[in-house]
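Reading through the structure tokens given below for one structure.
Heavy-atom basis, side chains included; hydrogens, waters and symmetry copies ignored.
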Amino acid sequence: MLAIGRALTLNPQVLLLDEPTEGCPIIVEELLRASAPSPVPAAPVLVIVEQNAQKILGLADRVVILERGAIVH
């Protein structure tokens, strides 16, 4: 959470999150709520790398599913 907060203070255009759902369930739920698509045009684009696709699919505008390094969906 601290790393994400620090990254957001720099007003990035793109933010890469590597498996953000690992950790405390309460913090994960808050992170998912905060990651919902934003109507603010200046909000950063989130690129999320996640093994638990079910939690992320509802947030995504676009999804690429890889299996052993190859795009399968």
Checklist line | Non-hydrogen atoms of A7 and P12 that approach each other most closely | finding: O-CD, 3.4 Å
Notebook entry, point to check: Which other residues end up in the same hydrophobic cluster as V63, if Ile, Leu, Val, Met, Phe, Trp and Tyr are linked when side-chain heavy atoms come under 4.5 Å apart?
Noted result: L57, I65, V72
Checklist line | For E22, all residues meeting side-chain hydrogen bond (donor to acceptor under 3.5 Å, both in side chains), sequence neighbours excluded | finding: none
Margin query: Show, in sequence, the C-alpha distance, side-chain angles and deciding distance for L8 and L15, and conclude whether the side chain to side chain contact (heavy atoms under 4.5 Å, CB included) test is met.
Written below: CA-CA 8 Å; L8 289 172; L15 186 61; 3.8 Å; yes
Check: Residues two or more places apart in sequence or in another chain: which of them pass side-chain contact (heavy atoms from CB on, under 4.5 Å) with L10?
Finding: none
Next item on the list: Tell me, please, which residues at least two apart from V45 pass side-chain contact (heavy atoms from CB on, under 4.5 Å).
Entry: V14
